[in-house]
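In what follows, chains carry the letters A, B, and so on, assigned in the order in which the sequence lines appear, proteins first and then strands, with residues in each chain numbered from 1.
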Amino acid sequence: MSNELAKNFEPKSFEEALYKKWETSGYFTPDVDPNKEPFCIMMPPPNITGQLHMGHALTYTIQDIIIRHKRMLGYSALWLPGTDHASIATEVKIVDMLAKEGITKESLGREGFLKRAYEWKETYGGQIVRQLRRLGSSCDWTKEAFTMDKQCSKAVVEVFVRLYEKGLIYQGDRMINWCPSCLTALSDAEVEYENQQSHLWHIRYPYVDGSGYIVVATTRPETMLGDVAVAVNPNDKKYIDKIGKLLKLPLTDREIPVIADDYVESSFGTGAVKITPAHDPNDFEIGLRHDLEIVKVIADDGTMNENAFAYVNLSREEARDKIVKDLESLGYIEKIEDYEHNVGCCYRCHTTIEPIVSKQWFVSMEQLAQPAIEVVKDGSVSFIPERFSKIYFNWMENIKDWCISRQLWWGHRIPAWHCKDCGHITVSRQVPDKCEKCNSLNIYQDEDVLDTWFSSALWPFSTLGFPNQTKELEYFYPTNVLVTGYDIIFFWVARMIFSGIENMGKFPFSEVLIHGIVRDALGRKMSKSLGNGIDPIMLIEKYGADVLRFSLCMGVAPGADIRFSEDKMEPIRNFLNKLWNASRYTLMNIEGLDLPKLETFELSNIDKWMLNKLNEVSNELNKNLNSYDLGIASAKLYDFIWGEVCDWYIEFTKPTIYGENEELKLNTLAVLKFVMQQSLKLLHPFAPFITEEIWQKLGDSETIMNTNFPVFNKAFSFKKEHEQIEHLKEIIKAIRNLRAQMDVEPSRKVKLYVNTKSKDLIALNSTYIERLAGCSGIEFVDSSDELNDKFATIVTSVVQIYIPLGDLIDVAKEFERLDLEIGKLNKEIQRGKSMLSNQGFISKAPQHLVEVERKKLADNKDKLEKLLIRRAEL
RNA sequence: GGGCGCAUAGCUCAGCUGGGAGAGCGCUUGCCUUACAAGCAAGAUGUCGGCGGUUCGAGCCCGUCUGCGCCCACCA
C-alpha cells in the first residue's frame with residue numbers, strides 16, 4: 001500500500017468502503033462484558049415512510065459522536081438502531097399509493113392491505129437504513145429492531161395485558177379527537193392547533209312560550225342541530241329568571257332547556273352558551289354534569305348524519321353555509337362578528353379535527369404519571385438543557401388519559417377479543433379460542449390497532465429482549481442518554497419514562513439530550529410543502545459525510561435551532577482539507593524512516609509546547625464531550641488543528657525537518673507523527689471517515705475506531721515551555737506586522753538586532769524567528785547606538801528588537817506608528833492602575849487575578865518606557 | 001391566559017460556573033513561501049436591544065420595558 005495521499009481530499013473515494021469495513025469487522029457490536037462499563041443509546045427509530053432529512057442527519061450525528069467517544073474511552077458502547085412502523089403516517093401514504101392504482105384499502109381487505117404494507121416497508125424501510133450508513137452511524141446493525149417485528153410485538157402485547165390486568169387500560173365512551181379524513185381517533189398530542197380567521201355567529205333561540213329569545217354565540221353553527229341545552233352562569237342576573245325555561249331550537253322541531261352552569265362566563269359573548277355534548281369537549285362535560293342527552297349530528301366521515309334534519313349528507317362545511325343562510329333568511333341571526341381562533345387539526349393530514357364521543361381504548365394516566373414526574377424531580381433523569389424539563393412537567397402534571405386505539409390496519413392489533421354472546425372482553429397474551437367468561441366460541445378480535453407511540457414507548461427495553469430477561473437487557477438497561485428533538489418530548493420521551501418505570505421498575509435513561517431543529521437559511525422549518533428542504537444525501541455526495549456532520553454541530557448551542565444553508569459546508573470542507581494536507585506533509589516526511597519512541601529522547605521546547613497544547617485540548621474536549629457540549633468541542637478542534645497544529649507547529653517543524661541534524665529530525669518527526677495521530681483520534685467522533693482514511697496510512701493499528709481517546713496526561717504538562725513559545729509567537733507576529741506596515745517585500749530578508757536580558761529565548765529559537773518572520777541573522781546589542789542604518793523598533797515585555805530597513809523607513813510614518821502604540825499602552829496602564837488602586841479589587845478579587853494585573857501593569861510600564869526612549873531618539 | 005427561547009462585527013452564530021469581546025463568511029492589502037490558492041501573511045469593523053439594580057468588577061446574575069420566535073391551554 002502506498003503511503004501517499006492525493007493532494008485534495010475526496011471523501012467519495014473512501015467513505016463507503018470504510019463503512020463496509022467497519023460493519024463487517026463487527027466494530028459496532030459491543031460485548032456484554034461485565035469487566036467493562038456499558039454505555040447505551042437507543043436510536044430514535046426513523047419512520048419507514050421516508051427519506052433521511054436534515055433533522056435525522058443532526059440527531060444521528062450527535063448520537064454517533066457521543067457513542068464513538070464513549071467507545072474510544074473503553075465503554076462497551078451500544079447504539080441500537082431500528083425503524084418505526086409509524087402506523088398512521090405510513091397507512092396514509094399507502095392509501096395514497098393505492099389510490100393512484102385506483103384501489104381502495106377496503107377492496108383489498110385487511111389481509112391484502114397488510115401484505116401491501118409489508119412490501120412497502122421492505123422497499124422504504126431499507127432505504128432509510130442505507131442512508132443512515134452513509135452518514136457514518138456506528139450503530140449495531142446486528143441488533144436492528146422494527147417496532148412491528150416479533151420481539152417488539154411481543155413486548156407490546158405483554159405491556160397491554162399487564163396494564164389491562166392492573167386496570168390501567170380500559171375501554172370507554174369518551175370525547176376524543178376524530179380525524180374525518182384518516183377516519184381514526186387521535187390522542188391529544190396528535191392534534192395541532194392552527195390559527196384561523198372565522199366568524200362568531202350570534203343566533204337567536206326563541207323561548208317556547210313566545211316571550212322573546214336568548215342569543216347564543218358560536219364559531220360552529222353546524223353543531224347547533226345537536227344542541228340539547230343553552231347554559232348560563234347561575235349568578236348572571238340577566239338570565240336568572242330564565243333558567244329552566246324551554247327554547248325552540250331553530251331549524252328543528254326540538255325543544256331544549258336553559259340550564260345553569262359555572263363554566264359559563266357572563267362577560268364573554270352573550271353570556272349564554274349553546275350546549276352540544278356530542279361535538280365539543282366542554283359541552284360534553286356539562287352534559288355529564290346535567291345528565292343531558294348526547295345528540296350526534298356529524299358522522300365519522302365528516303358529513304351530517306340522520307339527526308341533521310334538512311342537512312343530512314351535507315359535508316360539515318356545506319352544512320355550515322346552508323344553516324347560516326337559512327337562519328339568516330328566517331331572521332334568527334342577530335349579528336356576525338369577525339373572529340380569530342384556534343382550530344385543531346390532524347398532525348398527519350391537517351384536516352380539521354372533529355371532537356366526537358366514541359368508544360375507544362384508553363390508558364389511565366394519573367397513576368403512571370406520578371413516578372415519572374418524580375424521577376425527573378429528584379434528578380434521576382435529567383434534561384439537557386435543563387429548561388426542557390419544564391415542558392415535560394407541564395405536560396405530565398396536566399396529563400389526561402391517553403387514547404390508544406386507532407381505527408387503522410397498519411399497527412399492533414389490540415389483543416382483546418369480544419364475545420358476541422355475553423359481550424365480555426377477553427384480553428390475552430395468546431389468541432384465545434373462547435370467551436373466558438361464558439366459554440362461547442363466538443368471539444372476534446377488536447378491529448383497532450394501537451397508537452404508534454404505544455410501541456415506541458417500549459423501545460428502550462423491547463429492543464433488548466423484554467419481556468424476557470436477556471443478558472443484554474440486564475447489561476444495558478437502563479440506558480444512558482436519549483437524544484432527540486424538543487418536538488417529541490410529549491409523544492415519546494414522556495411515554496418512555498413512565499413505560500420504563502411501570503414495566504422495568506426503573507426509568508429508561510438517566511439523561512435526555514434535547515437538540516433543536518434544522519431550519520432553512522431564512523429560519524423557516526424545512527417542509528415538503530414549502531419545498532425548502534435540503535437533502536443530506538445530496539450534501540454527502542458533494543462534500544462527504546464528515547463535512548455535513550461537522551457543519552451540523554460546530555458552534556451550535558445546546559438545544560438551539562440551526563439555520564442551515566449549503567454555504568456552511570465549504571469552510572468545513574476546507575478545514576478537513578487542511579487536516580488532509582497536514583497529514584500529507586507528515587506522511588511524505590516520515591516515509592521509510594525508522595522513528596524513535598517518544599520516551600527515548602529529549603523533547604525540544606517546541607515539542608513540549610505542542611504536547612502541552614495537545615494535552616490541554618484533550619482534557620477540555622473530554623469535559624465538553626462528557627457534558628455533550630458538541631458545539632464548543634467541535635469549534636475547539638477546528639481552532640486547535642488549524643490554528644495551532646497547522647499554522648504554528650508544522651511551521652516550527654520545518655527548519656528541523658528540512659535541516660541537517662538527522663537525529664533532531666527523527667525526533668521531531670516522531671513527535672509530529674504522534675501529534676497527528678492524537679489529533680486524528682480527537683477528531684474521529686466528529687469526522688469518522690477522513691480520520692480513519694488517514695489512520696490507515698498514519699496510524700499504527702487496524703482501525704482508529706478502537707484506539708484510546710486522548711485524555712489528560714500529567715507527563716505532557718509543560719508550563720514553562722508553553723509560556724516561552726507563546727512569547728516567541730508574539731515576537732514573530734510583531735515582526736510580520738511591522739513588515740506589512742512598512743511594505744517590506746516578502747522576499748526581502750531583514751536582519752534583527754535584539755536587546756534583551758533573556759538571550760536564551762532568542763538564541764534557542766533563532767531559526768524559527770528567521771524562517772517564520774523572514775529574517776536573516778540575529779545579533780545581540782545593548783543599545784540602538786550600535787546600529788548605523790535607519791531602523792524600526794518592536795517592543796515586547798521581554799525584548800526590544802531593532803530592524804534596519806534603510807530607505808524604507810519613513811520617519812514621519814514611524815512617529816505615527818509609535819504614537820499609536822504609546823497611546824494604546826497608556827490606556828492599558830491607566831486601566832491597570834485604577835484596578836490596582838481599587839481597594840475592593842485588591843481585597844475581594846481572587847489573588848491570582850490580582851497578580852496577573854500586577855504583572856501586566858509592570859510589563860506595560862516597561863514597554864512604554866522602551867517606546868518613549870525610541871521616540872526620543874527618532 | 002400560562003410557560004420558554006432569542007436580541008453580540010455587514011451576514012450566520014459561539015461565548016461553560018461574572019475577571020480585559022470571539023469564530024466562520026464577507027471586506028481591505030500583500031503573497032503560487034518545496035502540506036494545502038479548498039492556501040499563507042497582515043489588517044479594519046462592536047453604546048454585547050433599552051433602562052434600573054446587585055457586585056471591587058456584568059455580554060453573563062436580578063428587576064423592568066421593547067421587538068421577534070416557539071410551546072401549552074382553548075372563552076362558546
Open item on the list: Parallel, tilted or perpendicular, judged at 30° and 60°: which one describes the rings of A:Trp642 and A:Tyr638?
Closed with: tilted
Task: Residue of the set A:Val191, A:Asn177, A:Leu186, A:Thr352 for which side chain to side chain contact (heavy atoms under 4.5 Å, CB included) holds with A:Cys346 - done: A:Leu186
Task: First of A:Ile632 and A:Ser267 reached from the 5' end of RNA chain B, by closest nucleotide - done: A:Ile632
TODO: List in chain and number order the residues that pass ring-ring contact (aromatic ring centres under 6.0 Å, His included) with A:Tyr768, two or more places apart in sequence or in another chain; answer none if no residue qualifies.
DONE: A:Phe652
Open item on the list: From CD of A:Glu620 over to P of B:C16, roughly how many Å is that when rounded to an integer?
Closed with: 14 Å
With 3.5 Å as the limit, what N/O pairs link the protein to nucleotides 37-40 of chain B?
from	atom 1	to	atom 2	distance (Å)
B:A37	OP1	A:Lys7	NZ	2.9
B:A38	O4'	A:Asn574	OD1	3.0
B:A38	O2'	A:Asn577	ND2	3.1
B:A38	N7	A:Asn8	ND2	3.3
B:A38	N3	A:Arg573	NE	2.9
B:G39	OP1	A:Asn574	ND2	2.9
B:G39	O3'	A:Lys578	NZ	2.9
B:C40	OP1	A:Lys578	NZ	2.6
B:C40	OP1	A:Trp642	NE1	2.7

Open item on the list: Quick check: on RNA chain B, is the nucleotide nearest A:Val556 upstream (toward 5') of the one nearest A:Glu265, or the reverse? Name the residue that is more 5'.
Closed with: A:Val556
Open item on the list: Measuring only the C1' atom in each nucleotide, how far is B:U33 from B:A41? A whole number of Å is fine.
Closed with: 10 Å
Task: side chain to side chain contact (heavy atoms under 4.5 Å, CB included) between A:Asp261 and A:Ile275, intermediate numbers included - done: CA-CA 11 Å; A:Asp261 195 286; A:Ile275 302 299; over 6 Å; no
Open item on the list: Suppose you measure atom C1' in B:G46 against the same atom in B:A38; what distance do you get, rounded to whole Å?
Closed with: 30 Å
TODO: Apply ring-ring contact (aromatic ring centres under 6.0 Å, His included) to A:Phe490 and list each qualifying residue two or more places apart in sequence or on a separate chain.
DONE: A:Trp395
Can you tabulate the close N/O pairs, meaning under 3.5 Å, that link protein atoms to atoms of nucleotides 4-9 of chain B?
from	atom 1	to	atom 2	distance (Å)
B:C4	OP1	A:Lys390	NZ	2.7

Task: Derivation and outcome, side chain to side chain contact (heavy atoms under 4.5 Å, CB included), residues A:Leu630 and A:Leu625 - done: CA-CA 6 Å; A:Leu630 307 190; A:Leu625 282 168; 3.5 Å; yes
For nucleotides 42-45 of chain B, print each protein N/O atom paired with a nucleotide N/O atom at under 3.5 Å, atom names and distance only.
from	atom 1	to	atom 2	distance (Å)
B:A42	O3'	A:Asn737	ND2	3.1
B:G43	OP1	A:Asn737	ND2	2.2

Task: Interatomic distance at C1', B:U45 relative to B:C25, whole Å - done: 14 Å
Check nucleotides 72-74 of chain B for protein N or O atoms closer than 3.5 Å to its own N or O atoms and list the pairs.
from	atom 1	to	atom 2	distance (Å)
B:C72	O2'	A:Asn394	ND2	3.4
B:A73	N6	A:Asn342	ND2	3.2
B:C74	OP1	A:Lys400	NZ	3.2
B:C74	N3	A:Asn342	ND2	2.8
B:C74	N4	A:Asn342	ND2	3.0

TODO: Would you confirm whether A:Asp629, through its side chain, and A:Ile632, through its main-chain N or O, come within 3.5 Å as a donor-acceptor pair?
DONE: no
Task: Presence of salt bridge, A:Arg220 and A:Glu222, under 4.0 angstrom - done: yes
Open item on the list: Would you measure the distance from the P atom in B:G22 across to the matching atom in B:G63 and give it in whole Å?
Closed with: 29 Å
Open item on the list: Heavy atoms only, 4.0 Å cut-off, all strands: where does A:Glu651 land among base, sugar-phosphate and nothing?
Closed with: base
Task: Residues forming a side-chain hydrogen bond (donor to acceptor under 3.5 Å, both in side chains) with A:Lys636, sequence neighbours excluded - done: A:Glu620, A:Asn624
Atom pairs, protein N/O to nucleotides 55-60 of chain B N/O, distance under 3.5 Å:
from	atom 1	to	atom 2	distance (Å)
B:C56	OP1	A:Lys844	NZ	2.0
B:C56	O2'	A:Asn838	ND2	2.5

TODO: Pick the P atom in B:G2 and in B:G49, then give their distance to the nearest Å.
DONE: 26 Å
Task: P spacing across the pair B:C13 / B:G18, given as an integer number of angstrom - done: 26 Å
Open item on the list: Please give the distance between the C1' atoms of B:C62 and B:G69 as a whole number of Å.
Closed with: 24 Å
Open item on the list: Could you tell me how far B:A42 sits from B:G24 if I compare only their P atoms? Round to whole Å.
Closed with: 13 Å
TODO: Indicate yes or no: does A:Lys729 engage A:Glu726 in a salt bridge with an N to O separation below 4.0 Å.
DONE: yes
Task: Inter- and intrachain pairs under salt bridge (charged side-chain N to carboxylate O under 4.0 Å, His left out), touching residues 835-858 of chain A, at least two apart - done: A:Arg831-A:Glu853, A:Glu851-A:Arg854, A:Glu853-A:Lys856, A:Lys855-A:Asp859
Task: Under the ring-ring contact (aromatic ring centres under 6.0 Å, His included) test, residues paired with A:Phe491 that sit two or more places apart - done: A:Tyr347, A:Trp453
Task: Strand RNA chain B in bracket notation, Watson-Crick/G-U under 3.5 Å with | for pairs to another chain - done: (((((((..((((.....[..)))).(((((.......))))).....(((((..]....))))))))))))....
Task: Any A:Tyr339 side-chain N or O less than 4.0 Å from OP1/OP2 of B:A76 - done: yes
Task: Sequence-distant partners of A:Phe383, ring-ring contact (aromatic ring centres under 6.0 Å, His included), two or more places apart - done: A:Tyr392
